[in-house]
Protein chains: 2
Amino acid sequence: MAKKKDITGDLSTEEKIKEAARQVFTKKGYAATRTRDIAEEAGINLALLNYYFRSKEKLFEIVIMEKMQLLLGKIGPVLTDEKTTIEEKVEDISEHYISTLIANPDIPLFVLGEIRNNPEKFANLIMTKTKIVNSAFFKQLAARRPDIDPLHFIFNMLGLIIFPFIGKPLIQLITGIPSERAVVLMNERKKLIKTWFQAMLDAK
Amino acid sequence: MAKKKDITGDLSTEEKIKEAARQVFTKKGYAATRTRDIAEEAGINLALLNYYFRSKEKLFEIVIMEKMQLLLGKIGPVLTDEKTTIEEKVEDISEHYISTLIANPDIPLFVLGEIRNNPEKFANLIMTKTKIVNSAFFKQLAARRPDIDPLHFIFNMLGLIIFPFIGKPLIQLITGIPSERAVVLMNERKKLIKTWFQAMLDAK
DNA sequence: AAATATTTTAATCATTTGATTAAAAATTGC
DNA sequence: GCAATTTTTAATCAAATGATTAAAATATTT
């Protein structure tokens, strides 16, 4: 066997390809990505991509599942936790996701775009992973505000957290704010969202 | 001249192609769309697409500009209006956009995705169209809450309005709510967002 | 060091896809 | 009704793209 491991900090060929695929796929989406882009980004011969991963589709599968896990992995357990309050859940999710998204700002648009292009494909995966409607969070919201559909507050929370990352290219074009300031703003939101969410819950 | 107009309710060939292009482009994005898809959707010969519009790119240009206008056209004038209050602006934008997006739910993901893929292309267009940072809305927000960056409230407003439409495929997969109920929810938000926004503004 | 197994490369294939062309069909002006 | 113009069609092109192959290079085992 001549298996090369990632020696001396350098990545193995396989890992170089995967990392390049993460970059290119998340930035441009599946359809706009050419396998040659990935090969170039990874600095490897195009044929190696198929040697290690069989096909563009298979490589994509790996990347999208990773990113989906990153976007959806945390939410289920938190929302179904019977022991925490609404406020604790919101703060937990807010802090966790903003940190994750600062490190991976392209994920939401990427994942949501691919779901749009292929809803059937992800249906099973997502449904098993997260059952919001029967969660503790849902019941807590319904008890606190029986007059408003709990889904509204789910939308609100996710909108406050995720939208800035989706809308960033637009807002950055409109306002011209530098990306360092954008990061500062996002960090501020970690705490602010909790307060805002409470205010919305109590609004009459 | 043998110019065919859309007689007896039927569309002209040119308009049939444009309408098909709207459908396919907004649903799948530029890269994932094949000119053959559009031709098939329009029920016309593929060559007619190039006969009327020269190229896929040119046809796309028309569609994306239309949709961008729909997404961004209203916001500038409202935000720069010196005569209206914060609350009136929020209500106006909220009602207008939710109505528009119920009729065109694919627009946000489409437009934001294409901006992501080609930020330079839209830079000029967007900057001239909307200068939020010097708007009356911005100043009003800064006066009302000097302790919080007004951009946060821009994000909040747009997030509350737009996110449900972007996240709908995801939420629909997660919750399994039927799309009629989704429309009901979106209509409810028209009024609710105004209240929520006020609550966030006053939150301490 | 020789034999074997693995990895990498350059060349090439087959399909897809945006676009063109030349001829046919339909429409219009006279 | 006939000539001119416009629209539509079928066939085809050229470039792009995902994938394969056979040979070369490299690493591993004995």
Side-chain angles (χ1 to χ4, degrees), chain A residues 1-64 113-114 117-118 121, chain B residues 1-65 110 113-114 117-118 121:
Chain A
M1 276 174 278
K3 175 138 266 171
K4 239 202 258 168
K5 298 278 169 53
D6 38 339
I7 328 156
T8 69
D10 241 29
L11 298 170
S12 69
T13 301
E14 192 172 341
E15 196 49 49
K16 271 194 290 187
I17 296 172
K18 220 193 280 184
E19 182 54 30
R22 288 189 193 100
Q23 297 250 314
V24 182
F25 276 137
T26 53
K27 187 165 159 238
K28 322 213 304 177
Y30 179 82
T33 295
R34 288 159 304 180
T35 53
R36 283 165 174 79
D37 298 336
I38 298 175
E40 191 183 5
E41 175 76 26
I44 54 99
N45 186 292
L46 170 61
L48 286 177
L49 189 152
N50 294 286
Y51 177 73
Y52 282 105
F53 296 96
R54 295 284 300 167
S55 71
K56 177 188 179 185
E57 175 77 22
K58 289 245 174 48
L59 179 53
F60 173 75
E61 208 88 347
I62 293 171
V63 172
I64 186 76
E114 300 300 334
N117 290 347
N118 232 323
K121 184 172 183 172
Chain B
M1 273 175 283
K3 176 139 266 175
K4 240 201 259 169
K5 297 280 168 51
D6 38 339
I7 327 153
T8 67
D10 240 29
L11 298 170
S12 69
T13 300
E14 193 172 340
E15 196 48 50
K16 271 194 289 186
I17 296 170
K18 219 193 281 184
E19 184 53 30
R22 287 188 194 101
Q23 296 250 316
V24 183
F25 275 137
T26 54
K27 185 161 160 243
K28 321 212 307 177
Y30 179 81
T33 295
R34 286 158 306 191
T35 52
R36 282 166 175 81
D37 298 336
I38 297 174
E40 191 185 4
E41 176 75 28
I44 53 100
N45 186 293
L46 170 62
L48 287 177
L49 189 151
N50 294 287
Y51 176 75
Y52 282 105
F53 297 97
R54 294 286 300 166
S55 70
K56 176 188 177 184
E57 175 76 25
K58 291 246 172 49
L59 179 55
F60 173 74
E61 209 88 346
I62 294 170
V63 173
I64 185 77
M65 287 307 166
F110 170 60
E114 300 301 334
N117 291 348
N118 232 325
K121 183 171 186 175

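Below, read A as the first sequence line, B as the second, and so on, with proteins coming before strands; counting in each chain starts at 1. All heavy atoms count here, side chains included; hydrogens, waters and symmetry mates do not. What you see is a predicted model, and the numbers here were worked out from it, not measured in a lab.
- We find that CZ of A:R36 is positioned 13 Å from P of D:dT20, with the value rounded to whole Å.
- With hydrogens and angles left out, the side chain of B:R34 and the base of C:dG18 share no donor-acceptor pair within 3.5 Å.
- For the pair B:K18 and B:E41, the salt-bridge criterion is not met [side-chain N within less than 4.0 Å of a carboxylate O].
- Listed in residue order, the members of residues 38-57 of chain B having a heavy atom less than 4.0 Å from DNA chain D are B:N45, B:A47, B:L48, B:Y51, B:Y52.
- Comment: A:E114 does not engage A:K28 in a salt bridge, judged by the lack of any side-chain N to carboxylate O separation of less than 4.0 angstrom.
- A salt bridge does not link B:R54 to B:E61: none of the charged nitrogens lies less than 4.0 Å from a carboxylate oxygen.
- Between A:E15 and A:R22 there is a salt bridge, with a side-chain nitrogen of the basic residue lying less than 4.0 Å from a carboxylate oxygen of the acidic one.
- Atoms CG (B:L59) and C1' (C:dG18) sit 13 Å apart, rounded to a whole Å.
- Atom CD1 of A:I17 and atom P of C:dT9 are 10 Å apart (whole Å).
- Rounded to an integer number of Å, the gap from A:E61 CD to D:dG18 P is 16 Å.
- Once rounded to the nearest 0.5 Å, the distance linking CG of A:N118 with CD1 of A:I64 reads 9.5 Å.
- For A:T35, no side-chain nitrogen or oxygen approaches OP1 or OP2 of D:dA19 to under 4.0 Å.
- Side-chain contact between B:F25 and B:I38 is present, with heavy atoms from C-beta onward closer than 4.5 Å.
- In this structure, B:L11 places its CG atom 16 Å from P of D:dT7, rounding to the nearest Å.
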